[in-house]
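The structure displayed is predicted, hence computed values, not measured ones. Atoms considered below: every heavy atom in the structure, side chains included; atoms not considered: hydrogens, waters and symmetry mates.
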Amino acid sequence: EVRLSSEILGEDKSIPAARKVNILLKALKKNIDYPDLSYEPGFYAPRSEAFKRQYIFAIEKIGPDAIPILNEHLKTAKGDYRSYIYIILASLKEPIAYKEVCSILRNSNVGWLRVIAARYLGLLGNKEAIPLLKEALNDSFAIESQTGSDSYPPTGTEKEEFHPVREAA
């Protein structure tokens with residue numbers, strides 16, 4: 001439902017970009033403030049993490065028209081919401097995002113935020129990020145999954161650790 005709604009909104013040309021970005025950012029902020037920590041069968045991340053990614057992808061589809069609105073939100077954004085705005089700017093290959101996304105990957109205490117920071121830091125294509133991405137290959141954030149499965153919570157008796165930041169880096 002969230003995926004379809006955000007995809008449709010991101011692609012709808014009849015709605016001005018500013019309005020779409022504001023709607024998606026409001027949904028992102030609500031998701032950060034009130035996360036859905038339940039799990040979809042077969043997925044290793046909580047629903048809220050999938051939702052956040054869908055909002056990022058939808059804004060990414062809007063493209064460069066989203067950048068001024070994102071920059072405006074940065075003026076008052078705080079905490080994880082601010083971090084996600086920088087990650088969205090990185091998804092749009094906006095150079096101002098580089099240092100902040102590096103800082104998120106290096107310093108955030110939220111594992112899922114480091115996962116998406118590693119992914120977009122790599123996509124920015126800045127060669128200076130290579131040492132930090134190599135460092136992220138040792139990130140301690142781990143979840144347990146059933147052996148041979150990416151599902152969470154684990155349902156079998158044999159469990160293994162999965163390191164999503166390492167995978168993203």
Side-chain angles (χ1 to χ4, degrees), residues 1-40 43-133 136 139 141 164-169:
E1 203 173 285
V2 169
R3 182 178 64 80
L4 184 58
S5 298
S6 59
E7 280 181 19
I8 291 169
L9 185 60
E11 294 173 357
D12 189 333
K13 302 292 183 201
S14 68
I15 302 170
R19 176 134 172 77
K20 290 191 282 189
V21 173
N22 283 318
I23 290 168
L24 290 163
L25 288 175
K26 183 176 181 180
L28 174 65
K29 175 116 175 56
K30 183 177 178 184
N31 190 278
I32 292 167
D33 292 343
Y34 306 100
D36 179 350
L37 299 177
S38 64
Y39 287 80
E40 186 74 30
F43 289 92
Y44 64 86
R47 280 187 171 100
S48 62
E49 295 309 315
F51 296 163
K52 289 172 193 169
R53 289 177 188 215
Q54 289 305 316
Y55 302 136
I56 292 168
F57 295 150
I59 295 172
E60 190 176 353
K61 281 188 175 196
I62 294 167
D65 290 344
I67 293 171
I69 296 95
L70 293 165
N71 285 328
E72 191 62 34
H73 278 262
L74 276 177
K75 292 177 182 175
T76 58
K78 295 185 182 354
D80 290 348
Y81 179 57
R82 182 177 183 81
S83 296
Y84 274 100
I85 292 173
Y86 274 112
I87 288 168
I88 295 167
L89 287 165
S91 80
L92 295 167
K93 303 207 182 320
E94 186 64 16
I96 65 159
Y98 173 74
K99 285 185 181 179
E100 289 295 327
V101 176
C102 285
S103 178
I104 293 164
L105 180 56
R106 184 177 287 119
N107 301 316
S108 178
N109 62 358
V110 179
W112 292 112
L113 194 50
R114 293 194 312 275
V115 170
I116 203 153
R119 180 178 193 278
Y120 283 107
L121 187 58
L123 291 175
L124 275 172
N126 189 324
K127 291 182 181 176
E128 293 176 21
I130 292 172
L132 181 57
L133 289 168
D139 191 277
F141 177 55
V165 176
R166 296 176 188 180
E167 293 291 322

Task: L89 side, atom CG; L70 side, atom CG - distance, nearest 0.5 Å - done: 5.0 Å

Task: Heavy-atom pair of closest approach, residues A90 and A97 - done: N-CB, 3.5 Å

Task: Any side-chain heavy-atom pair of L113 and Y84 under 4.5 Å - done: yes

TODO: Determine the minimum heavy-atom distance between L74 and R82, stating which atoms define it.
DONE: O-NH1, 2.5 Å

- [ ] May I ask you to test the K26-N22 pair for a side-chain heavy-atom distance under 4.5 Å?
- [x] no

Task: Note, K93 side chain near L123 side chain (heavy atom, < 4.5 Å) - done: yes

- [ ] Mind checking the SG-CG spacing from C102 to L121? Nearest 0.5 Å is all I need.
- [x] 4.5 Å

Open item on the list: Determine whether a donor-acceptor pair (N or O, by modelled atom type, separation under 3.5 Å) exists between the side chain of K20 and the backbone of A66.
Closed with: no

TODO: Output the distance between atom CG (L28) and atom CD1 (I85), rounded to the nearest 0.5 Å.
DONE: 7.5 Å

Open item on the list: When you compare the side chain of K52 with that of W112, does any pair of heavy atoms fall below 4.5 Å?
Closed with: no

- [ ] Check whether any side-chain heavy atom of L105 sits under 4.5 Å from a side-chain heavy atom of L133, and report yes or no.
- [x] yes

Task: Between CG on residue D36 and CD on residue E49, distance to nearest 0.5 Å - done: 10.5 Å

Task: Intermediate values then yes/no, side chain to side chain donor-acceptor pair (under 3.5 Å), S38 and R47 - done: CA-CA 6 Å; S38 64; R47 280 187 171 100; 2.6 Å; yes

Open item on the list: Could you measure the distance from the CG atom of N107 to the CD atom of E100? Nearest 0.5 Å is fine.
Closed with: 10.0 Å

Task: Heavy-atom side-chain proximity of P35 to F51 below 4.5 angstrom - done: no

Task: Closest approach of S48 to N31 (non-hydrogen atoms, all atoms of both residues) - done: O-OD1, 3.1 Å

Open item on the list: Determine whether Q54 and L24 satisfy the following criterion, side-chain contact (heavy atoms from CB on, under 4.5 Å), listing intermediate values before the conclusion.
Closed with: CA-CA 9 Å; Q54 289 305 316; L24 290 163; over 6 Å; no

Task: Pairwise distance CD1(I88) to CD1(I69) - rounded to 0.5 angstrom - done: 11.5 Å

Open item on the list: Just so I know, are the side chains of D65 and V21 near enough to count as touching, which here means a heavy-atom distance under 4.5 Å?
Closed with: no

TODO: Indicate the atoms forming the closest heavy-atom contact of R114 with I104, along with that distance.
DONE: CG-O, 3.7 Å

Open item on the list: Counting C-beta onward and ignoring hydrogens, is there a side-chain heavy-atom pair between Y86 and S103 closer than 4.5 Å?
Closed with: no

